[in-house]
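Shown next, in structure tokens, is the structure this report addresses.
Keep in mind the model is a prediction, meaning the values are calculated, not measured.
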Amino acid sequence: SLEVLVQGDSLNRLVPCTFTLCPFAERLHPANLSSSTLINRVPFFWQGGKGAVLNKRATSAAKNLIWDFLVYTNTPEESSYDVASYASQLDPWRHSHLNDNTHYLAAGWSDAAFQGLKKSQRWGCEEFGNAAWNLRIPGARAYTFDSVSSLFVRFF
């Protein structure tokens, strides 16, 4: 992006990238831009994570059942299948998801694609912490609900 949101700015204004705001930015040199124009290139994790809630009005038995299900599906052994599946559209959220390519290869990924995912995830989340999450992008909620909510209802 050529512009970024300033953290803590209540007006949510986009401002041009500077090396202070975008420490990993690169200079652009296209003919139509000044040589001082910076671009902040970051991996974009569009999915943004998954969340779950327990209804406080549910019975204790129902809460326990749902809690046990959520704990089970979030274990590394189970969640590794989910993040490797193209159908889940989930980004890896555990280091263990990227330790081994077995689940990815079984789900149809090439080793090159797995290595690319691993490299971008580790680069964005660990080396620099320079990743863009969808919750930080203005309009993400409207896009998600207006454009894809019918798919969520249909498949989930």
Side-chain angles (χ1 to χ4, degrees), residues 1 3-15 17 20-26 39-156:
S1 174
E3 297 179 318
V4 293
L5 289 172
V6 177
Q7 190 171 7
D9 180 3
S10 62
L11 299 177
N12 290 325
R13 292 174 290 183
L14 288 170
V15 298
C17 249
T20 301
L21 294 172
C22 311
F24 307 108
E26 302 170 3
I39 185 166
N40 190 38
R41 295 179 194 212
V42 299
F44 173 60
F45 302 105
W46 76 273
Q47 200 275 335
K50 65 179 184 177
V53 296
L54 299 173
N55 189 321
K56 69 179 182 178
R57 292 179 290 237
T59 65
S60 291
K63 288 178 188 176
N64 289 336
L65 179 67
I66 294 298
W67 179 254
D68 289 345
F69 173 75
L70 293 173
V71 169
Y72 169 74
T73 58
N74 282 285
T75 62
E77 298 80 15
E78 292 303 316
S79 60
S80 294
Y81 290 103
D82 291 336
V83 297
S85 170
Y86 284 116
S88 76
Q89 300 182 356
L90 292 173
D91 293 317
W93 69 85
R94 292 180 177 276
H95 290 283
S96 61
H97 290 154
L98 299 170
N99 288 342
D100 183 344
N101 69 0
T102 305
H103 299 304
Y104 292 87
L105 295 177
W109 289 64
S110 68
D111 185 58
F114 169 76
Q115 295 302 329
L117 171 69
K118 182 177 179 178
K119 182 179 178 182
S120 70
Q121 289 282 118
R122 296 250 162 101
W123 175 76
C125 296
E126 294 174 7
E127 290 183 38
F128 303 115
N130 190 35
W133 302 90
N134 68 346
L135 297 177
R136 298 178 185 161
I137 298 174
R141 178 183 156 96
Y143 169 78
T144 301
F145 285 97
D146 295 345
S147 302
V148 297
S149 62
S150 62
L151 294 174
F152 287 120
V153 170
R154 184 173 164 200
F155 294 106
F156 300 105

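In this structure, the side chain to side chain contact (heavy atoms under 4.5 Å, CB included) partners of Leu21, at least two apart in sequence or on a different chain, are Val4, Val6, Val15, Thr18. Residues that satisfy the salt bridge (Lys or Arg N to Asp or Glu O under 4.0 Å) test with Glu26, not counting sequence neighbours, are Arg41. For the side-chain hydrogen bond (donor to acceptor under 3.5 Å, both in side chains) test, residues two or more places apart in sequence or in another chain that qualify with His97 are Ser79. With sequence neighbours excluded, the residues satisfying side chain to side chain contact (heavy atoms under 4.5 Å, CB included) with Thr59 are Ala61, Ala62. Arg13 pairs by the salt bridge (Lys or Arg N to Asp or Glu O under 4.0 Å) definition with Asp9, not counting sequence neighbours. In this view, Glu3 satisfies the side-chain hydrogen bond (donor to acceptor under 3.5 Å, both in side chains) rule with no residue, not counting sequence neighbours. Taking the side-chain hydrogen bond (donor to acceptor under 3.5 Å, both in side chains) definition, one finds that Tyr81 meets it with nothing, sequence neighbours left out. A search for ring pair (Phe, Tyr, Trp, His ring centres under 6.0 Å) contacts involving Phe69 returns nothing, not counting sequence neighbours.
When all heavy atoms of Ala107 and Ala84 are compared, the closest pair comes out as CB-O, 3.3 Å. Of all non-hydrogen atoms in Lys56 and Lys63, the two that sit nearest each other are O-NZ, 3.1 Å.
Note that the CG atom of Leu65 and the CG atom of Leu70 stand 9.5 Å from one another [nearest 0.5 Å].
Under a 3.5 Å cut-off, the side chain of Ser85 and the backbone N or O of Asp82 do not form any donor-acceptor pair.
Applying the side-chain hydrogen bond (donor to acceptor under 3.5 Å, both in side chains) test to residues at least two apart or on different chains, the pairs with a partner in residues 101-117 are Asp100-Thr102, Asn101-Asp111, Asp111-Gln115.
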